[in-house]
A.B. asks: 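Next up is a structure, given as structure tokens.
Lettering follows sequence order; numbering is per chain, from 1.
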Amino acid sequence: MRCAGAGMASATLRARCPEPFAAGRGGTSRPGGDVPMRRLSNQLIATRREPPADASAVSHQLLARAGMLQQAGAGLFTVGPLLLRTLQRLEAIIREEHDALGCQELRFTHLQPREPWEASGRWQTLTEDDPIMLRTRTRSGAELGLGPTHEEQAALFAADGVSSHRQLPMVLYQIATKFRDEPRPRSGLLRTKEFTMKDAYSYDADEASAAQTYERLAEAYAAIFARVGLDTLRADADVGAMGGTMSAEFLAPAGIGEDFLASSDAGSYRANTEVARAALVAPPAPEQRPMSTVETPGATTMETLQPFVPDVPPERMVKTLLYGITTAEGGQEVIAALCRGDRSIDESKLAKATGAVEVAMADAAMIRSATHADPGYAGPVGLAEDVRVVGDHAIAEVQGFVCGGNATDTHHRDVWWGRDVALPELADLDRVADGDPAPDGGTLSLTRAVEVGHVFLLGTRYSEALGLSATGPDGVERPVWMGSYGIGIERLAAAVVEQHHDDKGIVWPTAVAPHTAVVVSVRAGDPDQDGLAERITGQLLDADVDAVWDDRDARPGVKFADAELIGFPWRITAGREAAGGRVELTWRATGETEVVDADYAVSRVAEDARRHRVRLNPR
RNA sequence: CGGGACGUGGCGCAGCUUGGCAGCGCGCCUGCUUUGGGAGCAGGAGGUCGCCGGUUCGAAUCCGGCCGUCCCGACCA
């Protein structure tokens with residue numbers, strides 16, 4: 001990395017070089033000055049025509065083809081120099097938005113002692129029940145977890161310094177590596193075992209203040225994703241294993257997403273399908289008639305049942321599905337889950353409602369023992385005593401319904417809750433689907449999406465467990481309200497690629513591109529072209545534009561294809577008209593090209609860069 | 001963890017059914033020509049066929065075990 005040189009633009013370029021290399025040393029064989037890192041000929045550009053066979057997600061394929069990524073193992077990736085620049089830009093944007101709110105950056109340890117995890121009650125959960133935390137032992141026998149998250153440490157750090165409400169509210173954050181032993185890493189960078197995360201922790205004296213802080217962080221998240229150029233929606237989410245009182249996630253619609261976002265066309269309702277509710281209209285109750293039994297040979301599904309009870313619509317039926325669940329303590333239990341005949345059960349909601357760690361459809365033997373019938377005839381009336389019954393809220397509104405008779409080829413009709421059978425425990429078990437009525441009066445549609453950010457209002461769980469409290473204005477000491485806020489950096493980059501690409505490659509938004517502009521000299525060695533290209537590169541750098549010069553001795557087609565695959569927002573091409581000081585200016589997103597004076601190209605790109613300025617080295 | 005697939009030069013793949021010299025495309029190296037959309041010609045380098053064991057005169061190929069990777073599901077802070 002030598003930085004001296006005698007080329008025409010070397011004075012300006014030299015100013016950009018790291019101090020120790022900025023002076024001394026002789027010339028170079030390369031034409032026109034010498035700022036190696038600003039020349040693609042000195043960088044490793046390992047583009048490929050074809051993606052590795054293991055890459056299936058578009059973002060994984062394109063990042064791998066662009067040479068920005070290399071897989072080290074399942075869910076483990078080496079981030080190449082170009083991708084690192086993008087990650088650094090993402091981090092810079094996140095820092096700026098957090099610092100603007102007065103958040104303070106710090107760094108927790110990756111290795112965390114067992115004891116605080118014991119104190120919060122999460123050691124067992126995270127190392128045994130759902131062993132997502134990798135752990136190890138020191139030579140002296142101390143047990144350590146490799147941090148999958150840092151609530152415990154966040155509570156402990158604050159406990160050491162916070163004692164009064166006057167020090168609050170406060171937000172601490174870090175940007176650091178997280179380790180999670182994911183059972184199934186997938187889709188390239190979207191789900192990995194090791195990744196960079198921005199995690200923030202908020203501290204407030206009371207709930208009202210905590211809710212405000214939570215809201216401000218959520219707004220900052222929206223601002224961050226907007227700057228990044230990622231289309232995201234904020235949605236109500238599952239509080240999950242974190243525990244807490246409120247939670248929202250930021251979902252970036254993308255075909256590869258693991259989450260489903262239910263959103264209303266009326267615009268005011270959005271939720272992850274894990275918690276989404278449809279606004280179901282209760283079917284009108286029929287005239288009271290005594291419960292009766294109907295012979296229904298072979299009617300083991302809603303469709304085959306319908307002809308036997310033609311006057312009863314599916315919404316006036318109650319479906320009974322039997323599940324075998326595994327509880328957190330390892331126990332096995334049979335659950336009868338009830339929903340309306342026209343609806344279905346969301347198994348993740350069922351798991352949450354029953355406290356199950358695992359839910360599976362019951363097998364035929366379990367069904368026979370619970371119902372004394374072949375599969376397909378289960379119902380709430382007369383189930384085996386030891387079967388726990390849980391119903392979706394919507395079934396409470398259904399009366400005079402049809403349900404399985406717990407005898408082969410038999411159903412009951414005109415069943416009334418309270419009269420014929422007790423209304424069971426109720427919970428939200430309903431699986432929402434495309435076209436369902438939304439709570440805000442609109443219609444729900446489901447979209448695949450990538451979860452790029454998640455915010456939690458935690459309450460006082462961790463502060464109580466770890467001794468974090470503050471004295472209020474009334475002189476009473478109370479546990480501090482905490483919140484926790486995460487953004488996955490690599491996943492964010494991958495989501496951007498999922499949303500911004502075309503058949504030629506990646507189309508980075510300006511704010512997060514590895515470089516804002518690439519200057520291409522069409523024929524390496526042509527003095528006019530090289531001279532102009534280097535001059536432009538220098539001018540761009542002086543204008544604070546992150547530019548590189550593709551000075552490689554390669555055919556133009558290769559350079560163009562690489563520029564498009566890597567996805568630089570701007571390409572300035574010094575070619576035929578270089579001698580006259582004219583270049584082509586190409587906007588990657590549209591492919592639009594115009595022939596302009598070099599100075600105009602520089603100012604045009606500089607203007608775009610200014611609009612999307614990201615400070616890579618703050619302070 | 002359940003189901004499915006795959007593992008052969010750097011990358012993508014064929015060969016395996018029916019055992020008999022390890023191949024193709026891209027990339028790489030050298031030379032000449034070429035030079036505005038992934039160049040042409042000529043020459044060349046590069047592979048313990050994932051690992052271990054078995055069967056066989058002989059194994060990339062058949063058998064067993066193991067490891068690794070991907071996809072679907074389960075799970076997911």
A.B. asks: Give the rounded distance in Å between these two atoms: CD of A:Gln61 and C1' of B:C71.
C.D. replies: 13 Å

A.B. asks: What's the closest nucleotide to the A:Ala74 side chain, out of B:U35, B:U69, B:A39?
C.D. replies: B:U69

A.B. asks: Give me the ring orientation class for A:Trp570 and A:Trp587: parallel if the planes are under 30° apart, tilted from 30 to 60°, perpendicular past 60°.
C.D. replies: tilted

A.B. asks: Taking any heavy-atom pair under 4.0 Å as a contact, classify A:Arg552: base, sugar-phosphate, or nothing.
C.D. replies: nothing

A.B. asks: Is there a donor-acceptor pair closer than 3.5 Å between any side-chain N or O of A:Tyr221 and the backbone N or O of A:Tyr485?
C.D. replies: yes

A.B. asks: Sticking with atom P, work out how far B:G25 lies from B:G40, rounded to a whole angstrom.
C.D. replies: 12 Å

A.B. asks: I'd like the P distance from B:C63 over to B:G47, given in whole Å.
C.D. replies: 29 Å

A.B. asks: Rounded to the nearest 0.5 Å, what separation is found between the CZ atom of A:Arg448 and the CD atom of A:Glu258?
C.D. replies: 8.5 Å

A.B. asks: Using atom P in both nucleotides, what's the gap between B:G15 and B:U8 to the nearest angstrom?
C.D. replies: 14 Å

A.B. asks: Taking CG from A:Leu76 and C1' from B:G68, how many angstroms apart are they, rounded to a whole number?
C.D. replies: 13 Å

A.B. asks: Name the orientation class of the two ring planes belonging to A:His150 and A:Phe108 (parallel below 30°, tilted from 30 to 60°, perpendicular beyond 60°).
C.D. replies: parallel

A.B. asks: Across all strands shown, which nucleotide pairs with B:A5 by Watson-Crick or G-U wobble geometry, both distances under 3.5 Å?
C.D. replies: B:U69

A.B. asks: Could you pick out which residue, A:Glu584 or A:His60, lies toward the 5' side of RNA chain B when each is mapped onto its nearest nucleotide?
C.D. replies: A:Glu584

A.B. asks: Closest approach of A:Asp553 and A:Ala524, non-hydrogen atoms and distance?
C.D. replies: CA-CB, 3.7 Å

A.B. asks: Can a side chain N or O of A:Ser56 be found less than 4.0 Å away from OP1 or OP2 on B:C71?
C.D. replies: yes

A.B. asks: If we ignore angles and hydrogens, is there a donor and acceptor under 3.5 Å between the side chains of A:Glu490 and A:Thr196?
C.D. replies: yes

A.B. asks: Could you tell me the separation between the CG atom of A:Asp528 and the P atom of B:G36, rounded to a whole number of Å?
C.D. replies: 15 Å

A.B. asks: Name the pairing partner of B:G64, where a pair is Watson-Crick or G-U wobble with both distances under 3.5 Å, or state none.
C.D. replies: B:C52

A.B. asks: Using a cut-off of strictly less than 4.0 Å, decide whether A:Arg184 has a side-chain nitrogen or oxygen near OP1 or OP2 of B:C72.
C.D. replies: yes

A.B. asks: Under 3.5 Å, side chain of A:Asp530 to main-chain N/O of A:Gly525, donor-acceptor pair present?
C.D. replies: yes

A.B. asks: What nitrogen or oxygen pairs link the protein and nucleotides 11-15 of chain B at under 3.5 Å?
C.D. replies:
from  : atom 1 : to      : atom 2 : distance (Å)
B:G12 : OP1    : A:Ala53 : N      : 2.8
B:G12 : O2'    : A:Glu50 : OE2    : 3.1

A.B. asks: What is the separation between atom CZ on A:Arg555 and atom C1' on B:G27, rounded to the nearest whole Å?
C.D. replies: 16 Å

A.B. asks: Taking 4.0 Å as the cut-off, does a side-chain nitrogen or oxygen of A:Gln529 come that near to OP1 or OP2 on B:G36?
C.D. replies: no

A.B. asks: Checking all strands, does A:Gln71 fall into the base, sugar-phosphate, or nothing category for heavy-atom contacts under 4.0 angstrom?
C.D. replies: sugar-phosphate

A.B. asks: Without decimals, in angstroms, what is the distance between A:Glu182 CD and B:C71 P?
C.D. replies: 13 Å

A.B. asks: May I ask you to say what A:Ser521 touches in the nucleic acid, namely base, sugar-phosphate or nothing, with a heavy-atom cut-off under 4.0 Å?
C.D. replies: nothing

A.B. asks: Could you tell me how far apart A:Ile345 (CD1) and B:A74 (P) are, to the nearest whole angstrom?
C.D. replies: 15 Å

A.B. asks: Toward the 5' end of RNA chain B, which comes first, A:Val522 or A:Pro183, by nearest nucleotide?
C.D. replies: A:Val522

A.B. asks: What's A:Thr47 touching, base or sugar-phosphate or nothing? Going by heavy atoms closer than 4.0 Å.
C.D. replies: base

A.B. asks: B:C16 and B:G23: how far apart are their C1' atoms, nearest whole angstrom?
C.D. replies: 14 Å

A.B. asks: Applying a 3.5 Å limit to both distances, which nucleotide forms a Watson-Crick or G-U wobble pair with B:G58?
C.D. replies: none

A.B. asks: Determine the Euclidean distance between corresponding P atoms of B:U56 and B:G19; express it in Å to zero decimal places.
C.D. replies: 15 Å

A.B. asks: Go ahead and name the base partner of B:U35; Watson-Crick or wobble counts if both distances stay under 3.5 Å, otherwise write none.
C.D. replies: none

A.B. asks: Taking atom C1' in both B:C71 and B:C66, compute the distance separating them and give it to the nearest angstrom.
C.D. replies: 22 Å

A.B. asks: May I ask you to check whether A:Ser187 and A:His60 show a side-chain donor-acceptor distance below 3.5 Å?
C.D. replies: no

A.B. asks: Rounded to whole Å, please give me the gap between CG in A:Asp530 and P in B:U35.
C.D. replies: 17 Å

A.B. asks: When we call it a touch if two heavy atoms are under 4.0 Å apart, what does A:Ala561 touch: a base, just sugar-phosphate, or nothing?
C.D. replies: base

A.B. asks: When both hydrogen-bonding distances must be under 3.5 Å and the geometry is Watson-Crick or G-U wobble, what is B:G43 paired with, if anything?
C.D. replies: B:C29

A.B. asks: Report the distance from atom CD of A:Glu274 to atom CG of A:Asp346, rounding to the nearest 0.5 Å.
C.D. replies: 8.0 Å

A.B. asks: Under 4.0 Å between a side-chain nitrogen and a carboxylate oxygen: does that hold for A:Arg135 and A:Asp181?
C.D. replies: no

A.B. asks: Is A:Glu258 touching bases, backbone alone, or none of the nucleic acid, heavy atoms closer than 4.0 Å?
C.D. replies: base

A.B. asks: Both distances below 3.5 Å, Watson-Crick or wobble geometry, any strand: find the nucleotide opposite B:C16.
C.D. replies: none

A.B. asks: Rounded to whole angstrom, note down the C1' distance from B:G12 over to B:G7.
C.D. replies: 14 Å

A.B. asks: Between A:Arg588 (CZ) and B:G37 (C1'), how many Å, whole number?
C.D. replies: 13 Å

A.B. asks: Determine the Euclidean distance between corresponding P atoms of B:G64 and B:U55; express it in Å to zero decimal places.
C.D. replies: 15 Å

